[in-house]
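Step one of this worksheet: look at the structure below.
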Number of protein chains: 2
Amino acid sequence: MKDKRVHILDSAEALFAEKGFDGTSVRDIAGHAGVNLAMISYYFGSKEKLLVALIAHRSSYTHGILEELNKDEKLSPWNKIERLIDLYVDKIVNNYKFHCIMTMHLPTIQSDDIREMITDIKIRNFEQIKKIINEGQKNKVFRKVDMELTVGCVMGTLTQVTLSKSLYCRLMHIDKNDEEGYREKMIPKIKAHLKELLKAHLDIKNQN
Amino acid sequence: MKDKRVHILDSAEALFAEKGFDGTSVRDIAGHAGVNLAMISYYFGSKEKLLVALIAHRSSYTHGILEELNKDEKLSPWNKIERLIDLYVDKIVNNYKFHCIMTMHLPTIQSDDIREMITDIKIRNFEQIKKIINEGQKNKVFRKVDMELTVGCVMGTLTQVTLSKSLYCRLMHIDKNDEEGYREKMIPKIKAHLKELLKAHLDIKNQN
DNA sequence: GTTTAAATCAAACAACCGTTTAACTGCTTT
DNA sequence: AAAGCAGTTAAACGGTTGTTTGATTTAAAC
């Protein structure tokens with residue numbers, strides 16, 4: 001069975017997101033995935049390499065989406081911002097467990113390799129968004145803003161909702177255990193909010 | 001010596017922020033604080049109770065600041081927003097290690113007591129900010145916005161910068177090991193950005 | 001100077017950690 | 001039928017974990 005690897009990765013993702021990397025034992029993962037303890041070393045080599053495999057596995061999905069968006073010459077900067085938010089919110093809310101791991105572990109993780117890997121992924125995404133805003137500024141439709149913090153604000157809002165899922169479910173009266181309902185209600189809310197926010201923030205007409 | 005307790009708390013804070021709760025051993029903390037291993041159990045009872053003591057210790061500082069701000073009747077909603085951002089950014093950037101622990105551990109921590117404690121603190125802060133925005137809306141100077149996500153955006157931006165300190169230092173060309181320089185450059189940047197952002201986002205004249 | 005209690009310490013505790021071992025399965029290839 | 005091999009297993013490995021013990025020091029109270 002080839003999908004036993006995937007099964008282990010899914011279990012690891014759920015447990016890392018819930019209890020953290022150090023808070024999750026290999027025995028936890030094996031038990032959750034219903035495989036023998038030794039299989040994890042057998043398939044992945046070590047717990048740390050399992051995390052690397054998980055990051056590679058999940059990152060490969062979205063790789064290239066942003067690049068495509070940026071190459072589309074027909075879209076105006078405003079359209080690109082809208083598309084960008086749609087893509088990003090979908091991606092992160094649908095994979096919030098993975099996003100949780102990624103943001104929790106950049107400061108925590110000891111391995112230089114993994115930290116660099118995560119940083120590289122974040123910077124790559126960052127550069128793509130920067131391009132869109134730069135284009136809008138060149139076309140005189142976006143005003144001058146603090147680039148790093150504008151991106152940080154979008155990312156941060158998503159991270160905030162993701163990392164404190166149960167808190168935001170409580171605040172917004174969503175059942176946190178109803179995955180389907182969470183996505184249905186949360187995704188359009190966040191999309192609408194971020195679009196409004198950036199529309200007001202970036203519009204050259206709102207120059208202070 | 002009474003301040004040996006404080007010394008342990010400081011060491012625990014630094015190590016928890018850097019390596020996470022589960023990634024830090026009691027021996028690490030004892031070594032860093034220069035005290036005997038057994039002193040931690042002696043003073044705090046257990047590692048988990050040490051974390052609770054740390055949260056209580058640091059939370060007591062800022063408790064009440066928001067309440068005072070809200071009671072000040074002379075300030076307009078816009079002034080309150082500005083004051084709020086000043087207070088918040090100072091508080092969080094100056095205590096970024098603690099903020100790091102607080103955000104990292106809400107999803108991770110297993111103990112129901114601690115999770116409830118953190119959630120309560122967050123919700124209390126949340127309610128205070130909500131009050132300010134509500135007042136501005138009643139006075140017809142703020143437009144209607146998604147309350148939860150507007151607050152989440154402010155918190156999230158700060159969390160983003162805090163949790164990915166080294167990434168944002170790299171992006172903004174700040175030496176991440178120079179604490180003084182980090183604060184001097186980062187604090188005004190974040191304050192200015194958040195004020196601009198909220199000004200555009202909340203202003204009733206920018207109704208879409 | 002004796003008493004009493006708090007503070008400190010090295011050592012030991014059992015439990016758990018990530019990883020490895022070596023035996024054993026089922027299945028394909030010769 | 002024998003050989004080979006990936007998949008699977010229970011058991012064991014050495015090391016680390018959080019916590020406790022019991023002896024020893026310190027310092028204040030009488």
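A, B, ... follow the sequence lines: proteins, then strands. Residue 1 opens every chain.
- Within the structure, every pair that satisfies the ring pair (Phe, Tyr, Trp, His ring centres under 6.0 Å) test and touches residues 8-30 of chain B, not counting sequence neighbours, is listed here: B:Phe16-B:Phe21.
- Heavy atoms from other residues, nucleotides or ligands lying under 6.0 Å from NZ of B:Lys131 number 12 at most.
- One interatomic measurement links the two molecules: CG of A:Leu37 to C1' of C:dC16, which rounds to 12 Å at whole-angstrom precision.
- Against DNA chain C, the stretch residues 22-32 of chain A makes heavy-atom approaches under 4.0 Å through A:Thr24, A:Ser25, A:Val26, A:Arg27.
- The shortest distance between the side-chain N/O atoms of A:Tyr42 and the OP1/OP2 oxygens of D:dG7 is below 4.0 Å.
- Partners of A:Gln137 by side chain to side chain contact (heavy atoms under 4.5 Å, CB included), not counting sequence neighbours, listed by chain and number: A:Ile133, A:Asn134, A:Phe142, A:Val145, A:Met147.
- Partners of B:Asp175 by salt bridge (charged side-chain N to carboxylate O under 4.0 Å, His left out), not counting sequence neighbours: none found.
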Between the protein and nucleotides 21-28 of chain C, list every N/O to N/O distance that falls short of 3.5 Å.
none

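- Rounded to an integer number of Å, the gap from NZ of B:Lys49 to C1' of D:dT20 is 14 Å.
- Applying the side chain to side chain contact (heavy atoms under 4.5 Å, CB included) rule to B:His7 yields no partners; only residues at least two apart in sequence or on another chain are considered.
- Rounded to an integer number of Å, the gap from A:Ile40 CD1 to C:dC17 P is 12 Å.
- DNA chain D lies under 4.0 Å from no heavy atom of any residue of residues 7-14 of chain A.
- For A:Asn36 and D:dA10, the shortest distance from a side-chain N or O to OP1 or OP2 is below 4.0 Å.
- Not counting sequence neighbours, the partners of B:Val26 by the side chain to side chain contact (heavy atoms under 4.5 Å, CB included) test are B:Leu37, B:Ile40.
- Put simply, CE on A:Met39 is 18 Å from P on D:dA11, counting in whole angstrom units.
- A:Asp3 places its CG atom 14 Å from the C1' atom of D:dG7, with the value rounded to the nearest Å.
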For residues 181-191 of chain A, which side-chain donor-acceptor pairs fall under 3.5 Å, sequence neighbours excluded?
residue: A:Lys191; atom: NZ; partner: A:Asp90; partner atom: OD1; Å: 3.1
residue: A:Lys191; atom: NZ; partner: A:Asp90; partner atom: OD2; Å: 3.2

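- Side-chain contact annotation: A:Asn36 with A:Tyr42, donor-acceptor N/O pair under 3.5 Å absent.
- Looking at residues two or more places apart in sequence or on another chain, you find a ring pair (Phe, Tyr, Trp, His ring centres under 6.0 Å) between A:His193 and B:His201.
- A:Leu50 has its CG atom 11 Å from the P atom of C:dG18, to the nearest Å.
- The ring pair (Phe, Tyr, Trp, His ring centres under 6.0 Å) analysis of residues 152-174 of chain B, with sequence neighbours excluded, yields no pairs.
- Mapping A:Phe21 and B:Gly34 onto DNA chain C by nearest heavy atom places B:Gly34 at the nucleotide closer to the 5' end.
- Contact check, B:Lys47 against D:dT17: no side-chain N or O comes under 4.0 Å of OP1 or OP2.
- Residues passing the side chain to side chain contact (heavy atoms under 4.5 Å, CB included) test with B:Ser76 are B:Trp78, B:Asn79, sequence neighbours excluded.
- The phosphate of C:dT8 has OP1 or OP2 within less than 4.0 Å of a side-chain N or O from B:Tyr43.
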